[in-house]
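Have a look at the structure below before the remarks.
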Amino acid sequence: MSRRQYPFHLIEPKWQQRWEAEQTFRAWNPGDSVPASHPFGVRHELAGKAPAASELPPKFYILDMFPYPSGAGLHVGHPEGYTATDILARYRRACGFNVLHPMGWDSFGLPAEQYAVKTGQHPRKTTEANIANFTRQIRSLGFSYDWTRELATTDPDYFKWTQWIFLQLYNSWFNPATNKAEPIETLTYPPELKLVIEDWRSITLQRNPGDNSSPEDDDEFRKAAQKAMNEEVEQSRRAYRDSKRLAYVSEAPVNWCPELGTVLANEEVIDGKSEVGGFPVIRKPMKQWMLRITAFAERLLADLDTIEWSDSLKEMQRNWIGRSEGALVDFQVQGSTSKITVFTTRPDTLFGATYMVLSPEHSLLKEIVTPEQAAAVKQYQEFAAGKSDLERTELSKEKTGVWTGAYALNPVNGEQIPIWIADYVLASYGTGAIMAVPAHDERDFEFAKKFDLQIRPVVLPSADWFLELHSESQKHLPKQRDWERMIEKEGLGLFQAMDKLAGQIEAMYREKCHVFHKPFVGEGSAIESANGEISINGLPTQEAKAKITAWLESKGLGKKTVNFKLRDWLFSRQRYWGEPFPIVWKRDDAGNLYHEALPESALPLLPPALDDYKPTADGQPPLARAKDWLTLSDGSIRETNTMPQWAGSCWYYLRYADNKNAAAFVSPEAEGYWMGTASSPDPKSQTPSPKPTPGVDLYVGGTEHAVLHLLYARFWHKVLFDLGHVSTAEPFFKLVNQGLILGEDGQKMSKSRGNVVNPDDVLKEFGADAFRLYEMFMGPLQDVKPWNTRGVEGVYRFLGRVWRLFVDEKAETDYEQAETVTSGTGSANALLGIIKLSAAIKDEPGTPAQLKALHACIKKVTEDLDALRFNTAISTMMIFVNEAMAWPVKPWAVLRDFLLLLAPFAPHLAEELWEKLHALRADPAGIPSLSYAAWPKFDPALLVEDTLEIPVQVNGKLRDVIRVPAGATNAELEEAAKAAEKAQPFLAGKTVKKVIVVPKKLVNLIVA
RNA sequence: GCGGAUGUGGCGAAAUGGCAGACGCAGGGGACUUAAAAUCCCCUGGCCGAAAGGCCGUGCGGGUUCGAUCCCCGCCAUCCGCACCA
């Protein structure tokens, strides 16, 4: 394919430059002055004004997940989502919305830092170069972003506010009574932490005679006296306060990579090895900053019901949050005052608890381990700690553990049960300890079998379960032939035999269920579950749970509770290229370290300049190398951790609304307009539907962020909402995941497979419009689909047909000759000026057939865009063009409306043809802007058919198609169907028993 | 193992209770051309048939219905998450 279908190489740069020069896609905030000439102002009669939110048209916020600007540049997967959102942004603009469609850079990140470690080049340099390359690539695709709102998370003007939001978290606590984040000042302290003196003014002074100090001095003295008296309790209060903050410090097990000398984030650990270098990673407790996301678990779960995300995505978030209802139960340790609390979802199986298991890291171990077992326990703890995550999962098939030598007392029956430790119990879930009910839990069952612990059934399964077990033909169970014998020799019916068999297995289950090969983990009815005070025998599982839990609560032995899989967010990284924490460390009089926030005025806190970006030899983060930066004049020491990459992406969508604001992270007006529903519907706009929604109206991005980014951002947003900084509880109202684009070989694109498609190459050969169109034509946005270069050629040919639909053949030949002569060095505009439109384009009304073709196209494209069905919208336009090519006369107005439909998909080509089309008419007002021209409306009256094709079925099989007047009655339809020629052979000699007539659709004749 | 999604021609796909395969790719034939490219026109799910036409066909097996790619039940396969979460 050597010859160009049309001169996209001239058209595309021309319009991209025009859009940029005229700031065509600038989005206007409330209060902005709209220039007199700007097409947005012209369209909405706001030119030269500074409209308030109520005067602006309704907003539509269309957001892409901003990219990490990697050194590799864009691949064809990126623009898939960007193209979809750009088409919608242009469509919504045409519909009369004020569209916010921004782009920016998630530019903190590991690759730039690793490059810095290797080469000493400052990560900012690498980052800037990568951003420049990404910008070039993205701009070449002709997206209608408002580039004045561009932002980068690495920009100090941006991360100043990331740090500011961290301070909001730091200075807040979660009030369980209100279920909200509140300023830390509203925290109430327990009675033992009451200040001795509440108010320094209440301290009475006894003046010495002759003391002539001023009353101000008295106040100073009173303050000092209060301070001294309260000092001790104040220290405890600080500790209490610090333990309640949404941002707090905790000794947490982290992914420590000895080889790299650093801590890794979970997402940087793959199969127990570091993503970089593939070195082993172990769990190690270290002091870390944590964010209290768990406090919001319930709301993060419940509010999923208020937003339009795909089921699968919501499900992934639900699984991650992992809510489960159960009970906390206390077990007394025998011969000790200590209690072990366990979390269980099956309190109804308490009578079947035959041993307990603590995680190897459990804090009570040092108290309860007997001297005889101490060595074995210690050895096991070391064994478990030394295991990498990889080894833990690899070895998970075989359970390991050690007895502690201690016993606990089962609270329901006082029975002595051994306490074990095993690494199948996780320190980080529940209480880090379990009651083991091997008869009703797979893991406990496996463990009990291995270590020969008692297995006691306390839930009776249904007969079906026994029969299923039997059908798996296990050892020890009755054999198939036993069953057959029952039927044959004992003369039993099938169901009697099954009952008898189930009965036999049940007896065995009650007596010696340790011979079974699997436990019963489902719901049944309780057995063997009674003590002197309470019995749950015979109760179905749900009722048994409720009753035993109530009993435990009444005896003070336990309580109903809800547990979550979600953990608090480990928020610190031992890295250079991230936001420094606005935190310093100090020592109190007793010499204890404590932390304090820097004042807002200290923001942004910039990272120090370094020569060496490696962690220090003793495992300190790189920031600890900057000795000057580290220590403040008052002796306090800066926090040397930095924030993770997620921090910047947690709130960038808010900054887009007001990215230049130096006084606030976003102004309330801008936030209220773009994120709230403050904008008023514009009565003049053509189709402002669907209505603007709270938050981002549409967010498009890959599934790789299904959980972490989207959960973290929702969490921050809720905190900001509680503190009154934003007006909605959820940030992203509607979210769509674009599907992965695979290589031509159907495999995931990767450098090593050599199947990566570079957009630059595609653009060079086919142009941006063809590229955009193909990405959308491949299939549904959400689907995974393979790239196919022949497919690009197909849509490219379609654009060529559109070109030839408009352009005069002779002029095209002239243009080609001129281009050859000037060999591309001539003025692009002069060359394009040679192109003349076809003489077949006439200012005549369209024929009914032409108008029908146009309006059918308008209808389908509009409906498809509303439903994000880009692929079928494009095929509809192909059908229109194929038909229009044959028209001897091409009505001007019909082609004009078609260009409006094409414009969101292929904006450059549409602009060029729009310009030429309008140049045919010497309109004194000049050429109207395509980008703000109103979306065409279809006229249903033009689509009405005079006659309809109606399929005729006989007994549900298609036999003929008849043509009837559109207004035919059911009776007429029936008659016509019975007379249908090709149906006759199937009707001959038979009586029509029944006739189904679906008006305007079909007739089905049922014959005997 | 658990959860979710998907399964339709040679390929990407469309139709979501009513003519299965729109549109595009690939393939075949033709027009234009000295020739090629480009463009334009026609054909193109399988089987039987000279044709007219018929039969079969949306992963597999059942069901609901006058009628099922579509709704329900049970399987199978593929992909994506999560995975000792008590």
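Treat the numbers as computed from the prediction; the structure is a model and nothing was measured. Each chain gets a letter, A, B and so on, in the order the sequences are listed, and its residues count up from 1.
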Tell me whether the side-chain N/O atoms of [X] come closer than 4.0 Å to OP1 or OP2 in [N].
X       : N      : value
N871(A) : A14(B) : yes
T876(A) : A22(B) : no
K565(A) : G3(B)  : no
Q5(A)   : U39(B) : yes
R797(A) : C25(B) : yes

I'd like the [atom1] distance from [M] over to [N], given in whole Å.
N      : M      : atom1 : value
U16(B) : A20(B) : C1'   : 12 Å
C2(B)  : C55(B) : C1'   : 45 Å
G7(B)  : U69(B) : C1'   : 11 Å
G29(B) : G67(B) : P     : 45 Å
G9(B)  : C70(B) : P     : 15 Å
G62(B) : G17(B) : P     : 25 Å
G59(B) : A13(B) : P     : 14 Å
A31(B) : A68(B) : C1'   : 44 Å

Over all strands shown, is [X] touching base, sugar-phosphate only, or nothing at heavy-atom distances under 4.0 angstrom?
X        : result
I1006(A) : sugar-phosphate
N319(A)  : sugar-phosphate
K982(A)  : sugar-phosphate
G322(A)  : nothing
S428(A)  : nothing
N882(A)  : sugar-phosphate
Q782(A)  : nothing
K994(A)  : sugar-phosphate

Under a 3.5 Å cut-off for both distances, is [N] Watson-Crick or wobble paired, and to whom?
N      : answer
G1(B)  : C82(B)
G53(B) : C48(B)
U39(B) : A31(B)
G74(B) : C60(B)
G18(B) : C66(B)

Between [N] atom [atom2] and [X] atom [atom1], what is the distance in whole Å?
X       : N      : atom1 : atom2 : value
R790(A) : C11(B) : CZ    : C1'   : 12 Å
R869(A) : U16(B) : CZ    : C1'   : 11 Å
L973(A) : C19(B) : CG    : P     : 15 Å
L958(A) : A68(B) : CG    : P     : 13 Å
R567(A) : C82(B) : CZ    : P     : 14 Å
R963(A) : C19(B) : CZ    : C1'   : 13 Å
N563(A) : C84(B) : CG    : P     : 15 Å
Q747(A) : C79(B) : CD    : P     : 10 Å

*Looking at C66(B), does its base get a donor-acceptor pair with the side chain of K993(A) below 3.5 Å?*
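No pair found.
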
*Got a donor-acceptor pair under 3.5 Å from the side chain of Q953(A) to the base of C19(B)?*
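No pair found.
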
*Nearest-nucleotide comparison on RNA chain B, the residue closer to the 5′ end among T703(A) and T344(A)*: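 It is T703(A), whose closest nucleotide lies nearer the 5' terminus.
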
*Please figure out whether T431(A) or V961(A) has its closest RNA chain B nucleotide nearer the 5' end.*
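Of the two residues, V961(A) wins.
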
Tell me whether [X] at atom [atom1] has more than 12 heavy atoms from other residues, nucleotides or ligands lying less than 6.0 Å away.
X       : atom1 : value
D311(A) : CG    : no
K449(A) : NZ    : yes
K450(A) : NZ    : yes

Among the nucleotides [options], which one has an atom lying closest to any side-chain atom of [X]?
X        : options                : answer
T872(A)  : A14(B), G18(B), A86(B) : A14(B)
R804(A)  : G24(B), C40(B), A22(B) : C40(B)
W320(A)  : G12(B), C23(B), C82(B) : C82(B)
I879(A)  : A22(B), C19(B), C55(B) : A22(B)
L1002(A) : A26(B), G18(B), C82(B) : G18(B)
F986(A)  : G54(B), C66(B), C19(B) : G54(B)
P780(A)  : A14(B), C55(B), A86(B) : A14(B)
K785(A)  : C82(B), G12(B), G18(B) : G12(B)
R959(A)  : C55(B), A86(B), U39(B) : C55(B)
S312(A)  : G4(B), G12(B), C66(B)  : G4(B)

_Do R567(A) and W320(A) form a cation-pi contact, if we require the NZ or CZ to be under 6.0 Å from the six-membered ring centre and within 45 degrees of the ring's axis?_
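Checked: cation-pi criterion not met.
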
*Taking side-chain hydrogen bond (donor to acceptor under 3.5 Å, both in side chains) as the test, write out the residues that go with N319(A), two or more places apart.*
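For N319(A), no residue satisfies side-chain hydrogen bond (donor to acceptor under 3.5 Å, both in side chains) once neighbours in sequence are set aside.
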
*Report the residues that fulfil ring-ring contact (aromatic ring centres under 6.0 Å, His included) with Y429(A), sequence neighbours left out, ordered by chain and then residue number.*
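Partners of Y429(A) by the ring-ring contact (aromatic ring centres under 6.0 Å, His included) criterion come out as none, since no residue qualifies.
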
*Ring geometry between W465(A) and F520(A) (parallel below 30°, tilted from 30 to 60°, perpendicular above 60°)*: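 Ring orientation of F520(A) relative to W465(A): perpendicular.
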
*Specify whether F451(A) and W420(A) have parallel, tilted or perpendicular ring planes, treating 30° as the upper limit for parallel and 60° as the lower limit for perpendicular.*
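Tilted, since the angle between the ring planes falls between 30° and 60°.
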
*If you round to the nearest 0.5 Å, how far is CZ of R801(A) from CE of M877(A)?*
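Rounded to the nearest 0.5 Å, the CE-CZ separation comes out at 12.5 Å.
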
*Examine the side chains of D330(A) and T341(A) and answer whether a donor and an acceptor come within less than 3.5 Å of each other.*
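Side-chain D/A pair, D330(A) to T341(A): present.
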
_Apply the syn/anti split at 90° from 0 to G9(B) and say which one it is._
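Here the answer is syn: the torsion falls within 90° of 0.
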
